[in-house]
Amino acid sequence: MYQRILIANRGEIAQRIMRACRELGVETVAIYSEGDRGAQYLQLADESFCVGPAKATDSYLKISNVISAAEVGNVQAIHPGYGFLAENAHFNEVCRSCKIDFIGPSPEAMGKLGDKNIARELARAAEVPVVPGSDGIIESEEEALRFAHDVGFPVLVKAVAGGGGKGMRVASNNLALKSSLQQAKAEAEAAFGNSAVYLEKFVERPRHVEVQILADQHGNAVHLWERDCSVQRRYQKLIEESPSNSITSETRQAMCEAAKRLILTAEYSNAATVEFIVDQQGNYYFIEVNARIQVEHPVTEMVTGIDLIKSQIRIAAGEPLNFVQEDVGLDGAAIECRINAEDPRRNFQPSPGTIERLVVPGGFGVRFDSHVHSGYVVPPYYDSMIGKLIVHQPTRKEAIACMQRALGELRVDGIATTVPLHQDILTHSDFVEGRIDTTFVERTFNTE
Ligand code: ADP
């Protein structure tokens with residue numbers, strides 16, 4: 001096991017990783033930007049280094065500064081969290097050349113799965129159903145139009161390097177497809193420095209269901225069941241739950257086994273999420289792999305009792321998985337609400353500023369993963385998520401009641417948050433009865 005690791009991230013996930021390390025007896029080195037200087041969660045680290053100005057490209061994303069902190073801090077490994085450098089294969093390689101373990105997959109596996117087009121090819125090779133789509137990258141307008149006429153509109157233009165819903169456009173006719181191609185390419189070039197796109201059939205009103213995998217460096221892989229993340233706005237998840245109430249147990253088994261096959265085919269180790277969409281008829285199709293820990297990992301932890309962050313660290317340190325598939329239980333139901341510093345009444349405009357007063361809910365089955373506190377100033381520079389409220393109960397019905405109660409107790413005074421929207425969703429009959437798909441939020445609530 002490692003003696004000391006660096007956490008190349010900030011906020012709630014940095015704190016979450018520090019907590020796991022403390023329990024494992026591993027020392028931690030934190031990094032922070034000038035925008036996060038003095039943040040309370042940094043006190044949980046054994047040592048911390050400033051890696052640059054508030055702007056992420058000059059600090060959390062600046063590989064040379066992060067590596068310098070790791071060298072000076074004398075760590076054996078780096079945990080990247082999610083976002084920032086977590087899926088940057090170049091950073092992963094730099095860690096390797098500096099003889100620092102990257103707590104995640106190898107650069108090779110990350111490179112393969114980070115390209116959605118290559119990931120689709122691997123999925124086909126592993127006999128995992130993929131969304132009908134173009135054979136590869138779309139080189140010309142004519143090719144795109146031909147594909148659209150073969151599979152039928154609407155189609156989705158997707159960036160091979162895509163993430164966070166960027167570089168993705170729906171098109172319903174020839175004219176729209178031409179402009180969607182241009183827009184998606186330009187957005188992907190700006191966001192990822194890679195303008196390559198491919199096409200997929202647009203699946204109407206799908207559910208988003210994803211499978212959590214853990215794979216060690218000795219060829220063992222297990223799945224930890226699925227999460228349903230259909231409650232989204234603009235392709236961004238708002239609420240996640242496990243298990244999904246929309247799939248049959250046969251589909252669950254088939255999807256989980258398919259996800260495991262894909263990860264083994266990619267010779268991948270560490271934590272991964274294999275994402276699928278499920279159509280109204282119950283057919284499931286692979287969409288992409290996330291080669292990192294995900295924001296919504298706690299719902300899986302609650303229903304399986306397995307600490308995913310500790311598992312990641314043990315796997316990276318070379319330990320074999322100490323349990324097999326049959327040991328992975330599925331206990332009750334868990335739901336997570338992402339609490340963002342955004343104003344749902346003002347088009348989800350970010351609302352940085354001082355949290356005058358924070359009241360955190362507690363009680364049976366309630367978990368709040370957050371780095372914020374009364375008096376904390378939400379900086380304007382980063383992702384707006386300030387915490388995750390998670391509940392775990394014997395049934396989905398009880399989990400919904402528990403979440404309604406916990407949201408009612410949560411008070412974040414001084415800034416606008418997504419709590420009122422969550423309260424509306426949690427009491428809406430379609431959510432309560434599980435009649436949701438990825439368009440539910442935008443169809444049902446005024447979120448524009
Ligand atoms: P990103 O990597 O940008 O998050 P994903 O490929 O994971 O993009 O897709 C994000 C979301 O977009 C999915 O959760 C789903 O809601 C929607 N989506 C993706 N592919 C399709 C598709 N072929 N048809 C309909 N919706 C899709």
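Because the structure is a prediction, the values reported are computed rather than measured. Indexing begins at 1, ligand by ligand and atom by atom, following the structure's order. All heavy atoms count here, side chains included; hydrogens, waters and symmetry mates do not.
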Checklist entry - Is the distance between the ring centroids of F440 and H428 less than 6.0 Å? => result yes
Next on the checklist: I'd like to know whether the aromatic ring centres of Y376 and H371 sit less than 6.0 Å apart in this structure.
Outcome noted: yes
Next on the checklist: Within a 6.0 Å radius of atom CG on D150, are there more than 12 heavy atoms belonging to other residues, nucleotides or ligands?
Outcome noted: yes
Item to check | Sub-6.0 Å ring centroid separation between Y382 and Y60 | outcome: yes
Are there any protein N or O atoms under 3.5 Å from the N or O atoms of ligand 1? List them with distances, or say none.
unit_1   : atom_1 : unit_2 : atom_2 : d
ligand 1 : 2 (O)  : K116   : NZ     : 2.9
ligand 1 : 2 (O)  : E288   : OE1    : 3.3
ligand 1 : 2 (O)  : E288   : OE2    : 2.8
ligand 1 : 3 (O)  : G163   : N      : 3.4
ligand 1 : 3 (O)  : G164   : N      : 3.2
ligand 1 : 3 (O)  : G165   : N      : 2.5
ligand 1 : 6 (O)  : K116   : NZ     : 3.1
ligand 1 : 6 (O)  : K158   : NZ     : 3.0
ligand 1 : 7 (O)  : E275   : OE1    : 2.9
ligand 1 : 7 (O)  : E288   : OE2    : 2.5
ligand 1 : 8 (O)  : K116   : NZ     : 3.2
ligand 1 : 14 (O) : H208   : ND1    : 2.6
ligand 1 : 14 (O) : Q232   : NE2    : 2.8
ligand 1 : 16 (O) : Q232   : OE1    : 2.9
ligand 1 : 20 (N) : K158   : NZ     : 3.0
ligand 1 : 23 (N) : E200   : OE1    : 2.9
ligand 1 : 23 (N) : K201   : O      : 3.0
ligand 1 : 24 (N) : V203   : N      : 2.8

Item to check | Sole residue of E240, E12, E301, E296 in salt bridge (Lys or Arg N to Asp or Glu O under 4.0 Å) with K388 | outcome: E12
Next on the checklist: Does E267, at its CD atom, have more than 12 non-hydrogen atoms belonging to other residues, nucleotides or ligands within less than 6.0 Å?
Outcome noted: no
